[in-house]
There are 2 protein chains.
Amino acid sequence: MTRNLKEHILQTASELFYSQGIKSTGVDAIVKAAGTTKMSLYKYFPSKDDLVLAHLSKSRAAMLAQLQIEIEAQADTPKQKLLAIFDMFAKLVKSPDFRGCPFINAAAEFAVENNPVQQAAAEFYAEFRKLLADLAVLAGIANAEQLAGQLVLLIAGAIVDEQMHRHTGAMQNAQAAAKILIDNSQPVASS
Amino acid sequence: MTRNLKEHILQTASELFYSQGIKSTGVDAIVKAAGTTKMSLYKYFPSKDDLVLAHLSKSRAAMLAQLQIEIEAQADTPKQKLLAIFDMFAKLVKSPDFRGCPFINAAAEFAVENNPVQQAAAEFYAEFRKLLADLAVLAGIANAEQLAGQLVLLIAGAIVDEQMHRHTGAMQNAQAAAKILIDNSQPVASS
DNA sequence: AACAGACTATACCGACCGGTATAGTCCATT
DNA sequence: AATGGACTATACCGGTCGGTATAGTCTGTT
């Protein structure tokens with residue numbers, strides 16, 4: 001039960017942070033939802049900021065792992081894997097619990113530039129882009145970095161769009177655009 | 001000086017809301033920055049929420065007007081006008097005061113679904129999309145609505161991306177993608 | 001049986017939050 | 001000169017914020 005409590009508090013905090021927003025979630029609310037006390041929370045997380053950073057770090061790892069699984073599960077070509085990522089996000093966006101991207105939302109809540117929260121958000125998107133760029137390289141695309149950047153824009157834009165107007169199929173629209181961009185990308189000069 | 005004070009308070013609040021975030025900006029801070037008192041603020045805006053909504057409404061009108069001007073200033077073809085919008089946002093994103101999209105940020109700060117703040121954000125993006133769709137129709141594009149939606153995704157995504165990693169040219173990358181999407185869109189069946 | 005450590009219970013702290021009450025100043029119109 | 005409305009000054013309200021202090025409970029180990 002000892003190492004479990006820290007994880008349990010973090011899990012509870014994560015859900016509240018994501019569903020209600022970080023600044024709107026007080027420490028007391030987390031403590032009550034987790035069925036514990038402030039003393040225990042502050043034992044494992046010396047400040048609310050630490051808890052917030054832990055939440056973002058956990059979300060980052062979880063999301064990247066999920067992406068990796070989704071990519072490897074697909075036994076198809078790299079190009080099909082790229083498109084499958086849009087399917088995954090389309091599913092994610094359909095969930096009733098969907099409330100936008102936790103990193104974008106956190107970056108919006110913590111406005112000060114170079115804030116640790118913003119840096120955490122930036123790091124996730126940098127890793128996400130790299131993951132897409134690696135796939136694009138495998139797909140034999142010459143301007144892989146540029147294409148990966150564009151796919152990130154489409155996905156981030158669709159997440160934000162779905163957050164505001166729900167169930168408008170923004171992610172499918174993004175995928176349709178992605179298809180065109182991929183098909184129009186230059187192949188590497190073949191031997 | 002009478003009608004000026006209301007506008008002055010709103011202007012001050014707008015700047016603080018945008019630069020620091022809405023929830024992080026207290027009424028006292030607005031009052032102090034505007035050089036007035038709480039009594040005057042609450043005379044014109046019966047609650048902070050009203051002030052927030054007024055801020056979003058003002059920002060929406062300002063942004064749409066700026067877009068209209070930019071579009072009409074271009075004496076070029078509708079297709080060139082569509083691309084010119086990306087230039088405008090590229091300039092906007094370069095400003096040292098840039099801190100993301102006020103509507104996306106506000107929607108992220110106010111998590112509760114169907115919150116008035118979220119609705120205001122959604123309304124802006126709906127109008128923005130319509131504006132692009134009208135241009136796409138003029139450009140003789142058959143699937144104008146779909147294309148407009150995709151351009152919105154690219155722009156919103158680039159704004160969010162630039163908010164996290166500054167000065168990476170995300171908006172130029174979005175424009176490059178937009179060119180491809182426009183060139184690959186189906187023309188209306190001509191007579 | 002005794003000890004240690006994880007965890008709980010609760011009361012408290014100063015600071016700040018959005019919002020209000022009361023009183024007073026300034027100035028233009030009549 | 002007097003009235004009235006716009007605006008200021010300031011003190012206050014209850015509530016919540018993040019964070020801490022103190023004390024007690026419960027349980028596994030020796």
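By convention in this document, chain letters (A, B, ...) are assigned in the order of the sequence lines, proteins followed by strands, and residues within each chain are numbered from 1.
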Note: [X]-[Y] ion pair, threshold 4.0 Å (strictly below):
{"X": "B:Arg129", "Y": "B:Asp134", "result": "no"}
{"X": "B:Lys81", "Y": "B:Asp76", "result": "no"}
{"X": "A:Glu109", "Y": "B:Lys23", "result": "no"}

Would a single hydrophobic cluster contain both A:Ile69 and A:Leu64, if residues Ile, Leu, Val, Met, Phe, Trp and Tyr are joined by side-chain heavy-atom contacts under 4.5 Å?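 Different clusters.
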If you take any heavy atom closer than 4.0 Å to DNA chain C, which residues from residues 112-121 of chain A end up in contact?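 By residue number: none to list.
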Spacing between [X] atom [atom1] and [N] atom [atom2], to the nearest angstrom:
{"X": "A:Leu5", "N": "D:dT27", "atom1": "CG", "atom2": "P", "value": "15 Å"}
{"X": "A:Lys23", "N": "D:dT16", "atom1": "NZ", "atom2": "P", "value": "19 Å"}
{"X": "A:Ile30", "N": "D:dG19", "atom1": "CD1", "atom2": "C1'", "value": "13 Å"}
{"X": "B:Lys43", "N": "C:dG19", "atom1": "NZ", "atom2": "C1'", "value": "17 Å"}
{"X": "A:Phe45", "N": "D:dG18", "atom1": "CZ", "atom2": "C1'", "value": "16 Å"}
{"X": "A:Ile22", "N": "D:dC17", "atom1": "CD1", "atom2": "P", "value": "15 Å"}
{"X": "A:Leu51", "N": "D:dG19", "atom1": "CG", "atom2": "C1'", "value": "13 Å"}
{"X": "A:His8", "N": "C:dA6", "atom1": "NE2", "atom2": "P", "value": "18 Å"}

Kindly confirm or rule out a cation-pi arrangement of B:Lys91 over B:Phe98, judged by NZ or CZ under 6.0 Å from the six-membered ring centre and within 45° of its axis?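 Not satisfied by the 6.0 Å and 45° rule.
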Under 4.0 angstrom, heavy atoms only, what part of the nucleic acid is A:Thr25 near: base, sugar-phosphate, or nothing?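 Since only primed, P, OP1 and OP2 atoms lie under 4.0 Å of A:Thr25, the category is sugar-phosphate.
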Quick one, which residues of residues 35-42 of chain B touch DNA chain D with a heavy atom under 4.0 Å?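 Residues of residues 35-42 of chain B that come under 4.0 Å of DNA chain D are, in numerical order, B:Gly35, B:Thr36, B:Thr37, B:Met39, B:Ser40.
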Run the numbers on B:Leu151 and B:Phe86 for side chain to side chain contact (heavy atoms under 4.5 Å, CB included), then give the verdict. CA-CA 9 Å; B:Leu151 298 187; B:Phe86 286 82; 4.2 Å; yes
Side chain to side chain contact (heavy atoms under 4.5 Å, CB included) between B:Leu5 and B:Ile9: does it pass, once the steps are laid out? CA-CA 6 Å; B:Leu5 182 57; B:Ile9 291 173; 4.0 Å; yes
Ring centre gap for B:Phe103 and B:Tyr18 strictly below 6.0 Å: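 No; B:Tyr18 has its ring centre 6.0 Å or more from that of B:Phe103.
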Determine whether B:Gln11 and B:Glu15 satisfy the following criterion, side chain to side chain donor-acceptor pair (under 3.5 Å), listing intermediate values before the conclusion. CA-CA 6 Å; B:Gln11 175 66 30; B:Glu15 290 165 8; 2.7 Å; yes
Closest listed nucleotide, where the reference is the side chain of A:Tyr44 and the choices are C:dA6, D:dA6, D:dG19: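 When the side chain of A:Tyr44 is considered, C:dA6 is the closest of C:dA6, D:dA6, D:dG19.
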